[in-house]
Amino acid sequence: MSEVVPPHGGIEDLALGSRRDVRGMAALLGELAPGTHITAVFRADLYGHYRVAGTITRSDALDTLVLAGRPLTTGATGVKPADTLVMLERLASPPQADPPMHVQDTVAAVGHGDLIAAHFDRRPYGCFTVTGFAVAAPPPARFALGGWLLTRGDGSVTAGIRAVTLLSPAAEHGAPVPAPIHRWPESGTV
């Protein structure tokens, strides 16, 4: 698992098979600590595959390392990759956001299934970039991206979003996208 620099990739980074390199990820997880910059691909039924690039923090509540609030391991042992974790790589530097210009205009142009990258600055996770499919969602959101709410019901950008980049409209990338979310699950996390 080599060091990579880009905070977000293209559609090819999300069209991954179901096979995971569990041993390789476990070995890397054993070397990681809070403050390390990484990129990881997660999979979720609601959001499909999505990539997160950022800095590892430790969750006292979950007793594990997390990336933008997403657990990297299954618990305190710290080496068994979380079931949702598909790929993990070290980053040479933290992700950098595009200049925050016209974020609201970009978000207003987003449609269900578009491949986008959003740069967040949220406590306690710091700065991180999520790349994946914009998924239409019910109130209080309008769109979600990898579990993070992108917009509110009125279409305004949620707090902490610093930049949004439309990488490929759904009509152009041709990849299978998750279904719109009609109702939030009753249990678990968004």
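Please read all numbers here as calculations on a predicted model, not as lab measurements.
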For [X], check side-chain contact (heavy atoms from CB on, under 4.5 Å) against everything at least two apart and list the hits.
X      : value
His112 : Val135, Ala136, Phe143, Val177, Pro180
Ala108 : none
Val157 : Val103, Gln104, Val107, Ile161
Asp121 : Cys127, Arg162

Please report the interatomic distance [atom1]([X]) to [atom2]([Y]), rounded to the nearest 0.5 Å.
X      : Y      : atom1 : atom2 : value
Leu149 : Thr158 : CG    : OG1   : 6.0 Å
Thr57  : Arg123 : OG1   : CZ    : 14.0 Å
Lys80  : Thr74  : NZ    : OG1   : 5.0 Å

Quick one, His37 with Phe128, criterion ring-ring contact (aromatic ring centres under 6.0 Å, His included). Give me CA distance, side-chain angles, the key distance, then yes/no. CA-CA 10 Å; His37 310 299; Phe128 59 93; over 10 Å; no

Check the pair Tyr50, Trp148 against ring-ring contact (aromatic ring centres under 6.0 Å, His included), reporting the backbone distance first and the verdict last. CA-CA 11 Å; Tyr50 60 95; Trp148 287 93; over 10 Å; no

So Leu150 and Val164, side chain to side chain contact (heavy atoms under 4.5 Å, CB included) or not? Walk me through it. CA-CA 9 Å; Leu150 189 63; Val164 175; 4.2 Å; yes

Would Val130 and Phe120 count as a side chain to side chain contact (heavy atoms under 4.5 Å, CB included) here? Give the steps. CA-CA 8 Å; Val130 181; Phe120 295 82; 3.9 Å; yes

Using the test salt bridge (charged side-chain N to carboxylate O under 4.0 Å, His left out), find all partners of Arg183 that sit at least two apart in sequence or belong to another chain.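 Counting only residues at least two positions away or on another chain, Arg183 forms a salt bridge (charged side-chain N to carboxylate O under 4.0 Å, His left out) with Glu186.
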
Counting N and O atoms only, with roles assigned by atom type, does the side chain of Asp63 sit under 3.5 Å from a partner on the main chain of Asp60, one being a donor and the other an acceptor?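 Side chain of Asp63 to backbone of Asp60, a donor-acceptor pair under 3.5 Å: no, none is there.
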
Of all heavy-atom pairs between [X] and [Y], which one has the smallest distance, and what is that distance?
X     : Y     : result
Met25 : Pro81 : CB-CG, 3.8 Å
Leu72 : Leu85 : O-CD2, 3.5 Å
Leu91 : Ala53 : CD1-CB, 3.8 Å
Leu65 : Pro34 : CD2-CD, 3.8 Å
Leu28 : Arg90 : CD1-NH2, 3.4 Å
Val52 : Leu67 : O-CD2, 3.5 Å

Atom CG of Asp45: over 12 foreign heavy atoms under 6.0 Å: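 Not buried by this count: 12 neighbours or fewer within 6.0 Å.
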
Residues forming a side chain to side chain donor-acceptor pair (under 3.5 Å) with Ser168, sequence neighbours excluded: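 In terms of side chain to side chain donor-acceptor pair (under 3.5 Å), with neighbours along the sequence ignored, Ser168 is linked to no residue.
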
Result of checking Thr129, Thr39, Thr131 against Arg51 for side chain to side chain donor-acceptor pair (under 3.5 Å):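 Output: one option passes, namely Thr39.
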
Min side-chain heavy-atom separation [X]-[Y] under 4.5 Å:
X      : Y      : answer
Ile116 : Leu145 : yes
Leu32  : Leu88  : yes
Thr151 : Ser156 : no

Working note: Ile38 + Ile56, criterion side chain to side chain contact (heavy atoms under 4.5 Å, CB included); need CA distance, chi angles, decisive distance, verdict. CA-CA 7 Å; Ile38 64 167; Ile56 294 175; 3.7 Å; yes

Under the salt bridge (Lys or Arg N to Asp or Glu O under 4.0 Å) rule, what do Asp154 and Arg142 come out as? Steps first, then yes or no, please. CA-CA 8 Å; Asp154 64 3; Arg142 188 166 152 227; over 6 Å; no

